[in-house]
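Working notes for the structure below.
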Amino acid sequence: MNIRLTIAHLLVILLWGSAFAGIKHGLEGYSPEQLSFLRLLVGSLTLAFYAAITKMKLPEMKDLPVIFLFGFLGFAVYQTALNFGEQTVNAGAASLLVSTSPVFIGLLGRIFFQERVGRMYWTGAAISMVGIFLISTESGGGFELGMGVVFILIASLSESLYFVFQKKYLKKYGPLPFTAYTIWTAAFLMSFFAPGTLTQIASAPLGSTVSAVYLGVFPTVIAYFALAYIMAKSGASEAASSLYLTPAASFLVAWVWLGEVPSFLTIAGGMTTLLGVSLTYLPKRKELPESLLEIKG
């Protein structure tokens with residue numbers, strides 16, 4: 001057993017799994033927009049330190065408009081919509097809903113790039129929808145898509161758009177530099193909320209501020225480095241195995257940290273959703289790209 005690889009897997013699973021509980025805790029002191037900006041600001045500063053040490057090259061000027069768009073979709077919209085969703089949806093259920101990204105990715109690939117999706121994909125997508133409705137039933141108190149679930153699905157769709165269209169630039173700059181560029185641009189875009197956020201720090205509970213800093217450093221930066229290490233040593237397929245365990249870790253962390261105990265309906269919906277997502281992944285397992293880095297918490 002490779003101890004370093006094992007530690008890297010555990011870091012990815014636990015850090016991304018803990019992000020959903022961290023968001024829930026951060027929302028006790030900050031609005032969804034403020035929490036998103038503070039998380040991105042902390043992540044940006046951490047990545048700036050890393051960039052200075054490694055002498056990371058800056059992107060070409062001609063690519064800046066596209067990078068800003070990717071930062072908007074992949075981080076600003078994703079994190080803010082997820083924060084809004086977690087105002088009413090439990091952390092564990094939110095992690096399951098975010099895991100539906102592969103369903104959106106397959107559909108977007110079919111629409112924009114005429115990528116072939118077989119019967120397995122459509123079966124998985126249908127099963128995932130059943131799981132989503134089961135989770136929504138528990139979260140919204142009825143068999144309907146509550147606004148919290150809708151926000152989280154918007155986050156998943158935004159993340160999927162980021163994934164589908166970024167491949168060219170990911171190859172050009174590499175996973176870690178490209179992620180840094182998009183986080184920096186997202187922080188700039190969310191700086192509209194800087195005045196209110198910086199004022200709120202003075203009155204927010206210390207625990208909420210610590211959670212925001214934790215989110216910015218660990219799930220946003222450290223987990224990416226760990227996943228990049230796994231992919232460099234053993235490839236994308238092995239890295240994907242960590243992603244399947246993230247929702248389980250999210251439930252465990254939310255139980256310990258927040259005292260959230262999942263209901264039978266949430267567990268059933270989660271198992272159904274993960275089964276459907278697995279079926280959408282199977283046909284392309286050998287083609288999993290480096291942009292697995294963007295399936296995150």
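Hydrogens, waters and symmetry mates play no part in the numbers below; they use all other heavy atoms, side chains included.
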Validation row: Tyr169, Asp63 side chains within 4.5 angstrom (heavy atoms): yes
Only distances under 3.5 Å count here; give the side-chain donor-acceptor pairs of residues 183-197 to other protein atoms, sequence neighbours excluded, each with its distance to 0.1 Å.
unit_1: Trp184; atom_1: NE1; unit_2: Ser44; atom_2: O; d: 3.1
unit_1: Thr185; atom_1: OG1; unit_2: Ile67; atom_2: O; d: 3.4
unit_1: Thr185; atom_1: OG1; unit_2: Tyr181; atom_2: O; d: 3.2
unit_1: Thr185; atom_1: OG1; unit_2: Thr182; atom_2: O; d: 2.9
unit_1: Ser191; atom_1: OG; unit_2: Phe188; atom_2: O; d: 2.5
unit_1: Thr197; atom_1: OG1; unit_2: Phe193; atom_2: O; d: 2.6

Does any non-hydrogen side-chain atom of Ile127 lie less than 4.5 Å from one of Thr123? yes
same_hphob_cluster(Ile53, Val221) at 4.5 Å side-chain heavy-atom cutoff: no
Any heavy-atom pair between the side chains of Val98 and Glu159 that's under 4.5 Å? yes
For the ring pair Phe178 and Phe70, is the centre-to-centre distance below 6.0 Å? yes
Linking Ile, Leu, Val, Met, Phe, Trp and Tyr by side-chain heavy atoms under 4.5 Å, what else ends up with Ile267? Met271
For Phe72, what residues pass the ring-ring contact (aromatic ring centres under 6.0 Å, His included) criterion, not counting sequence neighbours? none
Tell me the closest heavy-atom pair linking Tyr78 and Gly74, and the distance in Å. CB-O, 3.4 Å
Phe20 and Trp257: aromatic ring centres closer than 6.0 Å? no
Shortest non-hydrogen separation from Gly29 to Gln200 and the atoms involved: O-NE2, 2.8 Å
Leu47 and Ala180 have their tightest heavy-atom pair at CD1-CA, 3.8 Å
Atom of Ala254, atom of Ala21 and distance for their closest heavy-atom approach: CA-CB, 4.2 Å
List the atom of Asn83, the atom of Pro32, and the distance in Å for their closest heavy-atom pair. ND2-O, 3.0 Å
Counterpart residues, ring-ring contact (aromatic ring centres under 6.0 Å, His included), relative to Phe49 (two or more places apart): none
Answer yes or no: is there a side-chain heavy-atom contact under 4.5 Å between Lys24 and Gln87? no
Is any side-chain heavy atom of Tyr224 less than 4.5 Å from a side-chain heavy atom of Tyr229? no
What pair of heavy atoms forms the shortest contact from Thr46 to Val42, and how long is it? OG1-O, 2.9 Å
Which residues pass the ring-ring contact (aromatic ring centres under 6.0 Å, His included) test with Phe251, sequence neighbours left out? none
Let me see the working for Met147 and Phe151 under side-chain contact (heavy atoms from CB on, under 4.5 Å), right down to the final yes or no. CA-CA 6 Å; Met147 282 308 300; Phe151 273 120; 4.0 Å; yes
Considering only distance and modelled atom types, tabulate donor-acceptor pairs under 3.5 Å from the side chains of residues 209-219, sequence neighbours left out.
unit_1: Thr209; atom_1: OG1; unit_2: Tyr30; atom_2: OH; d: 2.6
unit_1: Ser211; atom_1: OG; unit_2: His25; atom_2: ND1; d: 2.8
unit_1: Ser211; atom_1: OG; unit_2: Gly207; atom_2: O; d: 3.0
unit_1: Tyr214; atom_1: OH; unit_2: Ser18; atom_2: OG; d: 2.6

